[in-house]
Every structure is written in C-alpha cells, then in structure tokens.
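Notes to accompany the following structure.
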Number of protein chains: 2
Amino acid sequence: MAVVTEGASAGSPPALGTRVSFLLSQLGLQSARTFAAGLAPLGLNPNRFGLLIHVARAEGQSQQQLAETLGIHRNAMVSLIDDLEARGLVERRRHPRDRRAYAIHLTERARELLPEASRVADEQEASLLADLAEDERQTLRDLLSRLSAGSGQRADVHPGYREPASTE
Amino acid sequence: MAVVTEGASAGSPPALGTRVSFLLSQLGLQSARTFAAGLAPLGLNPNRFGLLIHVARAEGQSQQQLAETLGIHRNAMVSLIDDLEARGLVERRRHPRDRRAYAIHLTERARELLPEASRVADEQEASLLADLAEDERQTLRDLLSRLSAGSGQRADVHPGYREPASTE
DNA sequence: TATTGTTATACTCTATAACTATA
DNA sequence: TATAGTTATAGAGTATAACAATA
C-alpha cells in the first residue's frame, strides 16, 4: 500500500510534501523499514528488539507488567513472548511470589544479540544523517526531541507498527 | 501493537530514544494516526486522501497509471477505487482511447472535500509545531526535506501505511 | 502475445471474548 | 471477586496467481 499526498485543494495549493507532519510520516516509515531489514539477518525485527530491550531493563517482570509498559493488551503479549521463547531469546520462569505469573528473563543468546542490534541501529543512524553537518545533526535531534516531548509521547516507547511485509 | 526501544546493550548504553531514526519513526506514526483521526469525520483516511490528491492532479488516468505512480500493484488499486466510488468520491468513466481501461474522475463531492481535508492537515501542522519558534520550524522543515531528498524518496509519495485500527 | 481490470486465495496482524488456574 | 496467562474467533490488510475482455 502506498499513498500520495501533496497539492492541497483541487486548485493546487500547498503541497503536503512541504509539511513537517508528512515528512515525519514518510521518513519515519522508511526508517522503520530500513531498521527491520537490518535486523532481519539477526532473526530480529523492531517489535522483538523493542520487547527484548524492555525485558533487559528489568528481568523477571510478568507478561502483564510488560504489556502495561508497552501499552498493549496482555493477550497480545502471549504470542510475542511465545515468539521470543521459540527463538531462544527469553525464558519463562516461575514467578517467585505469584504462581499465576511467569517471570520473563533474557537468555545468553539474547544478551549476545542485543549489542549487535544496537550496532545495526548506529550504522543506519550514521547513514541517515550522512548529508548533515555535525551541528545540523544536533539541531535536528534537539528539535525532534522537543516535538516528541511536547506531544505527550512516552520517552523510549514506540507507539507500534507492524512488521513491513515485503522485502525492502 | 506497541514497541519499546531504548537502552542499547544489556549493559545499558545509548538510549534509542536519542536516535533521530527512532524519533522519526515515533513521531511519524503519531502524525499519521492523528491525521487519520482528523480525517475520520470527513469519511476519509490518509490512504483515500492521498489517492484523491493524485486523481485530482490529472483526471482521467487509468487505474494502472495510478497504481504505477503510487508504487503498488494494479490489483490493490481495484479495491481502493471501489472504496472511493462507493463513497461517491470518484467515477469510473469509459476511457476515450482504450476500452479495456477506465478513466478515473473526481466527483463534485470530492472537490468539496479536498480543501476541508487540507484544512485539517494545516491545523494539525500548526498544533504539532506550536512549541517551536518560526525560525526553528523553517530549520526543521529544511533538515527533514534534505533527509527525504537524500534517502531516495519520491517527493510527495508516501511509502504507505495501514489505516491505524484502534482509536488512538 | 501483452495489458486492463477483476476475482479468489492464503497469509498476517489485530481485537475481543471466554476459559483455567491461581490470588 | 479479581488477576495472569491462554485460546479461539472474527475482522482488516496484503500479496499472489489466474481469469475475461481488449489491445
């Protein structure tokens, strides 16, 4: 699916391509797809990576806790953890104080994989910003951070997107 | 679905939230969802709006031509045009020189709707940039435009995203 | 023989409700 | 009575192949 957006009214006015919101959406989706492509050789995707990061921050959380942090339903967390477990990246251990719940822990393999995934992100960041001077990069980072903070986004929590289906 | 992304390796290093690529993806998805919510009262969504814009640019194009411009398969264009036709926004007319093809035209209703949709986009743009000074807005627009141009994006063509399902 | 539009199919992702076992 | 995790279901979106009409 692709969408064109530009030239406002039938008359022809302001091109959407000059709007910050359009550029953010366009570049954001491309960044996500590029990241997905870069993670693929590691057997990861942005969703798996993001969840692993959150497991790593505090091991032993329940699925319910992880779901609340990510802003999704606990039902959806089941298959996400199923997926990571099947790939040998997390373990479901008995929760020490609640026999209904699991305590989710990283495996050794996940601990090896996370730095590699971060390196992929760093390389793509450098490639994305290759045409900008250092002061321009810092300015861009600053402006985007302010937009993010001002728009009520939880820092470091991505609102979520599907895995891009096709190649790229 | 939601995804968290931050703190790189298990050690804790560079937060993904400080990366431009993460901020673009986060803000871009939020912009798209906000735009979808704003268009909903008009019976539009970003996909429909984008396609209408492209029909408006050159009326009488075939479905195949529109599909090529948007970078999607002609099969997918069928249901998009079905959808717009059912809403009374486009008409399938006989193509003057090829009896296999349709010539896609806007209806009067679509001509009324397009300026309203552009107004929604303008209002949201203003809201998004409310915290920035005028020179900062221009700087941001310029930097994002350069990233977009440098990354091989076709100007004014969005790489596509699904209609956000939930409320947002 | 190629092209335009169409349909059918399978696959994925999502959202909801309902179930079990514990608390 | 509420909560953690699970399963089943239905819906939306996408991708592919195959078809009829026309070039």
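The sequence lines fix the lettering, A, B, ..., with proteins before strands; numbering per chain opens at 1. Values in this document were obtained by computation on a predicted structure and should not be read as measured data.
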Candidate nucleotides D:dA21, C:dT7, C:dG5, ranked by approach to the side chain of B:R100 - the nearest | D:dA21

For the side chain of B:Q63, starting at C-beta, report the closest nucleotide among D:dT6, D:dA2, C:dG5.
-> C:dG5

Output the rounded distance in Å from [atom1] ([X]) to [atom2] ([N]).
| X | N | atom1 | atom2 | answer |
| --- | --- | --- | --- | --- |
| A:Q61 | D:dT3 | CD | C1' | 17 Å |
| B:I81 | C:dG5 | CD1 | C1' | 11 Å |
| B:L84 | C:dG5 | CG | C1' | 16 Å |
| A:R94 | D:dA4 | CZ | C1' | 10 Å |
| A:L66 | D:dT6 | CG | P | 12 Å |
| B:E68 | C:dT3 | CD | P | 10 Å |
| B:L80 | C:dG5 | CG | C1' | 14 Å |
| A:N47 | C:dT12 | CG | P | 15 Å |

Neighbour count above 12 (heavy atom, 6.0 Å) for A:R97 CZ = no

Go through the steps for A:F35 and A:F49 under the test ring-ring contact (aromatic ring centres under 6.0 Å, His included), then give the verdict.
-> CA-CA 10 Å; A:F35 192 39; A:F49 178 63; 5.6 Å; yes

Is there side-chain contact between A:Q153 and B:Q30, with at least one heavy-atom pair below 4.5 Å?
-> yes

Which comes earlier along DNA chain C counting from the 5' end, the contact point of A:R97 or that of A:N75, where each point is its nearest nucleotide?
-> A:N75

Assert: residue with more 5' nearest nucleotide on DNA chain D, out of A:D82 and B:D98, is A:D82

Within the pair A:R92 and D:dT6, is there a side-chain N or O less than 4.0 Å away from OP1 or OP2?
-> yes

Could you check whether A:R99 gets within reach of a base, just the sugar-phosphate, or nothing at all, counting any heavy atom under 4.0 Å?
-> sugar-phosphate

Does A:R74 get its side chain close enough to the base of D:dG5, under 3.5 Å, for a donor-acceptor pair?
-> yes

Inspect the contact between A:R146 and B:E136 and indicate whether a charged nitrogen and a carboxylate oxygen are less than 4.0 angstrom apart.
-> yes

Between A:R141 and A:E125, is the closest basic N to carboxylate O distance under 4.0 Å?
-> yes

